[in-house]
J.: 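The structure under discussion is supplied below as structure tokens; questions concerning it will follow.
Every heavy atom of this structure was used, including side-chain atoms; hydrogens, water molecules and symmetry mates were not. All ligand and atom numbering here is 1-based and tracks the order in the structure.
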Amino acid sequence: MPTLILVDIQNDFLPGGRLAVAEGEAVVPVANALMQRADHVVATLDWHPADHQSFASQHKGKSPGDPIELNGLAQILWPDHCVQWTGGAALAPGLHSARIDRLFTKGEDPTVDSYSGFWDNGRRRQTGLQAWLLAQGVQQLWICGLALDYCVKATALDAVAAGFACTVVLDGTRAVGRSPGDGARTVEDLQRRGVRVAHSADL
Ligand code: VGL
Ligand code: ZN
């Protein structure tokens with residue numbers, strides 16, 4: 001059986017949150033159902049210090065959505081979100097979190113963003129997820145969570161690069177969609193780069 005990775009299913013990415021993803025709450029029942037069919041369940045947490053440099057609030061005169069360069073990397077500025085130990089960083093209330101075997105945090109370093117559950121965006125540091133999966137002998141991954149066009153995408157691409165067979169579960173994810181069509185473009189991109197995509201009913 002595959003291992004299920006739940007990406008950033010946290011309050012700030014749900015409607016009412018600081019970086020709300022439309023219909024974000026819809027991924028919760030899909031994630032809960034997939035847990036019953038997985039060997040292991042792991043979850044990533046976007047876990048920022050209050051002064052994280054991906055926050056527009058940290059840059060004078062900048063607004064969320066503005067592009068900047070952060071330590072040599074292209075960076076989109078976001079509203080403050082998923083600040084460590086705040087309610088916004090907590091897992092979604094309806095998620096069956098007792099079924100999660102391990103949590104992996106990311107985004108703690110204020111100087112670099114971290115979309116993937118494996119590596120920060122500068123590929124400087126790993127979260128420990130890859131080593132953990134290898135230690136369990138995991139070969140196949142299902143990925144769901146938020147958001148499709150950022151953290152789910154980055155996690156799936158790193159999973160394939162690390163040699164795992166990886167399927168993104170389409171009904172178990174939603175896109176931020178800063179521009180119209182971002183979700184559909186992400187799906188095409190993932191498929192072209194070796195990630196499978198499927199609806200949970202077809203798994
Ligand atoms: C995410 C933007 C900033 C995500 C996290 O979980 O997709 N997106 N931080
Ligand atoms: Zn973040």
Side-chain angles (χ1 to χ4, degrees), residues 4-28 30-31 42-59 62-71 73-92 95 100 103-122 124-125 127 129 143-159 166 168-170 172-179 182-187 189-190 195 197:
L4 178 63
I5 301 181
L6 308 174
V7 176
D8 300 1
I9 307 184
Q10 293 165 272
N11 288 328
D12 269 342
F13 297 119
L14 303 184
R18 305 291 295 275
L19 181 32
V21 176
E23 298 178 6
E25 79 287 358
V27 310
V28 172
V30 178
V42 301
T44 66
L45 290 176
D46 210 32
W47 194 248
H48 296 308
D51 64 348
H52 197 271
Q53 298 301 299
S54 73
F55 296 169
S57 63
Q58 299 298 305
H59 303 271
K62 296 287 183 190
S63 307
D66 287 348
I68 65 160
E69 195 180 290
L70 186 58
N71 294 309
L73 296 176
Q75 175 71 48
I76 297 157
L77 291 176
W78 302 104
D80 292 19
H81 65 277
C82 294
V83 173
Q84 296 168 4
W85 310 113
T86 65
L91 287 167
L95 197 65
I100 296 172
L103 289 170
F104 293 91
T105 58
K106 62 186 180 65
E108 291 104 320
D109 180 344
T111 67
V112 64
D113 213 349
S114 197
Y115 293 153
S116 161
F118 290 90
W119 290 91
D120 64 70
N121 292 4
R124 294 179 208 154
R125 246 191 286 173
T127 60
L129 174 57
I143 301 183
C144 61
L146 302 167
L148 172 63
D149 37 355
Y150 291 94
C151 292
V152 169
K153 175 183 180 182
T155 301
L157 291 175
D158 276 351
C166 174
V168 168
V169 183
L170 290 174
T173 187
R174 292 292 188 280
V176 170
R178 293 176 61 250
S179 308
D182 278 357
R185 262 192 301 279
T186 299
V187 169
D189 222 28
L190 288 171
V195 177
V197 302

J.: Quick one: closest heavy-atom pair of A92 and V28, and the distance?
T.: CB-CG2, 3.9 Å

J.: Are F55 and H81 close enough, and set up right, to give a side chain to side chain contact (heavy atoms under 4.5 Å, CB included), and what steps lead you there?
T.: CA-CA 8 Å; F55 296 169; H81 65 277; 3.5 Å; yes

J.: Which residue owns the protein heavy atom closest to atom 1 (C) of ligand 1, what's the atom, and how far is it?
T.: C151 SG, 3.2 Å

J.: Quick check on contacts: which atoms of ligand 1 are under 4.0 angstrom from a heavy atom of A147?
T.: 4 (C), 6 (O), 7 (O)

J.: As an exercise, state the distance from CG of L129 to OG1 of T105, rounded to the nearest 0.5 Å.
T.: 11.0 Å

J.: Please compare H81, K153, R178 and report which has the shortest non-hydrogen distance to atom 3 (C) of ligand 1.
T.: H81

J.: CG of L146 to CG of D12: how many Å apart, nearest 0.5 Å?
T.: 11.5 Å

J.: Let me confirm one number: the CG-CD distance from D46 to Q10, rounded to the nearest 0.5 Å.
T.: 5.5 Å

J.: For residues C82 and G88, report the shortest heavy-atom separation together with the two atoms involved.
T.: SG-O, 4.0 Å

J.: Can you spot which of V30, L6, V152, V27 makes a side-chain contact (heavy atoms from CB on, under 4.5 Å) with C144?
T.: L6

J.: Under a 4.0 angstrom heavy-atom cut-off, which atoms of ligand 1 come close to D8?
T.: 4 (C), 6 (O)

J.: Please round to the nearest 0.5 Å and tell me the distance separating atom CZ of F13 and atom OH of Y150.
T.: 11.5 Å

J.: I need the nearest protein heavy-atom contact for atom 5 (C) of ligand 1: residue, atom name and distance, please.
T.: D46 OD2, 3.1 Å

J.: Suppose I only count heavy atoms of Y150 and a 4.0 Å limit; which atoms of ligand 1 are within that range?
T.: 7 (O), 8 (N)

J.: Nearest 0.5 angstrom please: Q58 CD to L77 CG, how far?
T.: 10.0 Å

J.: Can you list the atoms of ligand 1 that are under 4.0 Å from a heavy atom of L146?
T.: 4 (C), 6 (O), 7 (O)

J.: Using a cut-off of 2.8 Å, find all protein N, O or S atoms closer to the Zn ion (ligand 2) than that distance.
T.: D46 OD2, H48 NE2, H81 NE2

J.: Exactly one of D8, D113, D158 should register a salt bridge (charged side-chain N to carboxylate O under 4.0 Å, His left out) with K106. Which one does?
T.: D8

J.: Using distance alone, determine whether W78 and ligand 1 share an N or O pair under 3.5 Å.
T.: no

